[in-house]
Amino acid sequence: MNNKILSAVLGAAAVGFVAPAAFAGTLDDVKAKGFVQCGVNGSNLAGFGAQDSSGKWSGLDVDICRAVAAAVFGDAEKVKYTPLSAKDRFPALQSGEVDMLARNTTWTASRDSQLGLDFRAVNYYDGQGFMVTKELGVKSALELSGAAVCVQAGTTTELNLADYFKANSLEYKPVVFEKQEEVDAAYQSGRCDVYTTDQSGLYSIRLSLSNPDDHMILPEIISKEPLGPAVRQNDSKWLDVVSWAHYAMVAAEEFGITSDNLDEMTKSDNPDIKRFLGEEKDQTIGKDLGLDEKWAYNIVKQVGNYGQSFERNVGSGSPLKIERGLNALWTKGGLQYAPPIR
Ligand SMILES: N[C@@H](CCC(=O)N[C@@H](CS)C(=O)NCC(=O)O)C(=O)O
């Protein structure tokens with residue numbers, strides 16, 4: 001059979017189809033410099049991106065940076081962190097100051113199309129909520145007509161707020177600040193009645209207030225906030241690595257692989273698990289991503305699976321105690337779903 005026929009039967013890839021050379025991109029740059037420069041939350045958002053007194057970063061978003069470093073270098077510590085405010089995060093990525101953003105950033109059509117960025121994976125499905133003092137005596141956002149609402153500029157929050165109050169014919173007075181610290185201070189001092197942002201952010205901010213028990217989060221979720229890592233657009237090898245680092249954590253949870261049983265699991269006869277852990281003969285998944293065949297093994301060993309990361313950072317093992325909700329696996333009624341790693 002000649003190559004032409006073979007190609008038609010099996011597809012171009014089977015007969016040595018070589019893709020046009022892409023520009024080197026961030027993956028090669030990162031490998032050359034030996035670390036990932038990760039843009040994270042600039043306001044110590046506990047559970048998502050926060051630094052302790054010894055300078056150590058942790059959080060669900062920080063775990064994405066660590067997973068990418070584990071995949072690329074076999075070492076989750078090879079990350080340098082750049083704390084970024086809401087306003088500074090996109091210019092920092094566009095200018096190359098950071099290699100990726102992992103910072104409670106909502107994937108929207110306009111960010112994807114206008115800002116020269118690409119999103120693919122969602123590491124936390126969120127929505128916008130409201131926090132009030134219990135003293136205010138309000139049980140629903142629909143009772144907030146006339147309220148002064150504290151909101152941070154440079155976020156999706158402002159537009160959602162305007163849309164929600166308009167759609168429900170409610171009056172409100174936006175009190176807008178550039179820095180989260182200013183929003184926190186204004187809310188605490190009573191300059192506004194309501195604090196609005198992503199519900200995950202509210203859980204975290206509530207715990208940082210002087211009397212968390214004096215505040216409550218209202219039941220309404222007024223928007224979709226799929227939060228995930230972002231990279232510069234047209235850098236698809238890097239986008240692949242960043243996205244599959246997240247999917248590997250989700251897939252590990254689907255397979256029941258944890259950082260604790262990982263070595264036991266390498267003896268599994270399940271071909272999917274063997275391939276995932278780099279135990280299948282002649283496999284090239286890692287290589288095709290520009291990585292080692294142990295890329296996923298290293299992520300799970302050093303960072304854990306998605307469920308472990310969730311519980312440790314924001315769930316039952318953390319002060320936030322957030323339920324899995326939308327972030328449960330798809331097999332448990334949630335939205336976390338990894339495409340097949342094969
Ligand atoms: N997910 C929303 C909001 C993200 C956001 O920046 N939230 C604020 C409030 S929780 C924040 O993280 N501020 C920290 C800062 O600017 O340093 C977005 O992508 O626009």
Side-chain angles (χ1 to χ4, degrees), residues 41 43 45-49 59-61 64 86 89 101-112 119-132 138-144 147 149-168 170 172 174 176 180 183-184 187 192-209 212 215-230 246 250 306-307 309-311 313-316 318-330 332-337:
N41 194 282
S43 297
L45 197 65
F48 291 86
L60 194 77
D61 287 337
I64 292 285
R89 61 187 150 169
L101 276 184
R103 189 215 166 278
N104 54 322
T105 293
T106 308
W107 177 8
T108 69
S110 54
R111 287 177 176 174
D112 211 338
F119 295 80
R120 190 194 287 159
V122 175
N123 69 325
Y124 190 98
Y125 288 93
D126 206 352
Q128 185 172 331
F130 298 99
M131 176 164 65
V132 293
V138 161
K139 296 275 171 288
S140 156
L142 295 170
E143 296 168 48
L144 290 176
V149 186
C150 267
V151 57
Q152 191 178 350
T155 61
T156 47
T157 319
E158 267 185 285
L159 180 61
N160 294 327
L161 174 67
D163 288 353
Y164 180 78
F165 275 75
K166 185 161 183 238
N168 289 290
L170 302 170
Y172 75 107
V176 186
Q180 192 193 307
V183 190
D184 295 0
Y187 174 73
C192 30
D193 310 299
V194 188
Y195 194 139
T196 186
T197 184
D198 300 341
Q199 203 176 55
S200 62
L202 291 177
Y203 281 118
S204 184
I205 292 161
R206 192 173 80 96
L207 288 184
S208 73
L209 300 176
H215 304 270
M216 61 186 276
I217 292 162
L218 296 176
E220 285 85 0
I221 290 279
I222 64 160
S223 68
K224 290 189 286 188
E225 308 292 326
L227 311 179
H246 167 69
V250 175
Y306 179 77
S309 171
F310 189 97
E311 297 304 351
N313 292 303
V314 301
S316 54
S318 80
L320 275 77
K321 309 260 177 274
I322 301 177
E323 306 266 327
R324 283 294 290 270
L326 288 178
N327 293 295
L329 290 182
W330 62 290
K332 303 221 166 106
L335 295 175
Q336 289 295 348
Y337 176 107

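All values derive from a computational prediction rather than experimental measurement.
By the 4.5 Å heavy-atom criterion applied to side chains, Phe310 and Val314 are counted as neighbours. With a 4.5 Å cut-off on side-chain heavy atoms, Ser318 and Asn313 do not count as touching. In this structure the side chain of Gln128 reaches within 4.5 angstrom of the side chain of Leu161, judged on heavy atoms. Using a 4.5 Å cut-off on side-chain heavy atoms (C-beta onward), Pro226 and Thr106 make contact. Contact annotation: the side chain of Leu144 approaches that of Val132 to within less than 4.5 Å [non-hydrogen atoms, C-beta and beyond]. At least one side-chain heavy atom of Tyr306 sits under 4.5 Å from a side-chain heavy atom of His246. Side-chain contact between Phe119 and Thr108 is absent, with no heavy-atom pair separated by less than 4.5 Å. Here the side chains of Thr197 and Gln180 are not in contact, with every heavy-atom distance at 4.5 Å or above.
For Tyr195, the ring-ring contact (aromatic ring centres under 6.0 Å, His included) partners two or more places apart in sequence, or in a different chain, are Tyr187. By the side chain to side chain contact (heavy atoms under 4.5 Å, CB included) test, Val176 pairs with Val151, Ala153, Glu158, Pro174, sequence neighbours left out. Residues meeting the side chain to side chain contact (heavy atoms under 4.5 Å, CB included) test with Ala86, sequence neighbours left out: Arg89, Arg103, Gln152, Thr155. Take Glu220 and apply the side chain to side chain donor-acceptor pair (under 3.5 Å) test, not counting sequence neighbours, and it matches Ser140. Asp198 is linked by a side chain to side chain donor-acceptor pair (under 3.5 Å) to nothing, counting only residues two or more places apart in sequence or in another chain. Under the salt bridge (Lys or Arg N to Asp or Glu O under 4.0 Å) criterion, Arg324 pairs with Glu253, sequence neighbours left out.
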Step by step, work out the side chain to side chain contact (heavy atoms under 4.5 Å, CB included) result for Tyr124 and Asn104. CA-CA 8 Å; Tyr124 190 98; Asn104 54 322; over 6 Å; no
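We find the OH-CZ distance between Tyr203 and Phe48 to be 10.5 Å, quoted to the nearest 0.5 Å. Rounding to the nearest 0.5 Å places CG of Leu60 at 10.5 Å from CD of Glu311. For the atom pair CD1 of Ile64 and CG of Leu227, the computed distance is 11.5 Å after rounding to the nearest 0.5 Å. Considering CG of Leu326 and CD of Gln336, their distance stands at 9.5 Å, rounded to 0.5 Å. Once rounded to the nearest 0.5 Å, the distance linking CE of Met131 with CE of Met216 reads 11.5 Å. Between the OG atom in Ser200 and the CG atom in Leu45 there is a gap of 6.5 Å [rounded to 0.5 Å].
When every heavy atom of Asn123 is checked against every heavy atom of Pro229, the shortest pair comes out as OD1-CD, 4.3 Å. For the residue pair Leu209 and Pro212, the shortest heavy atom distance occurs at O-CD, 3.3 Å. When all heavy atoms of Ala141 and Leu170 are compared, the closest pair comes out as O-CD1, 4.0 Å. Heavy atoms only, all atoms of each residue included: Ala147 and Val194 are closest at CB-CG2, 3.9 Å. Minimum interatomic distance between Asn41 and Gly49 (heavy atoms only, all atoms of both residues): CB-O, 3.9 Å.
No donor-acceptor distance shorter than 3.5 angstrom exists from the side chain of Lys321 to the backbone of Gly315, with no hydrogens or angles considered.
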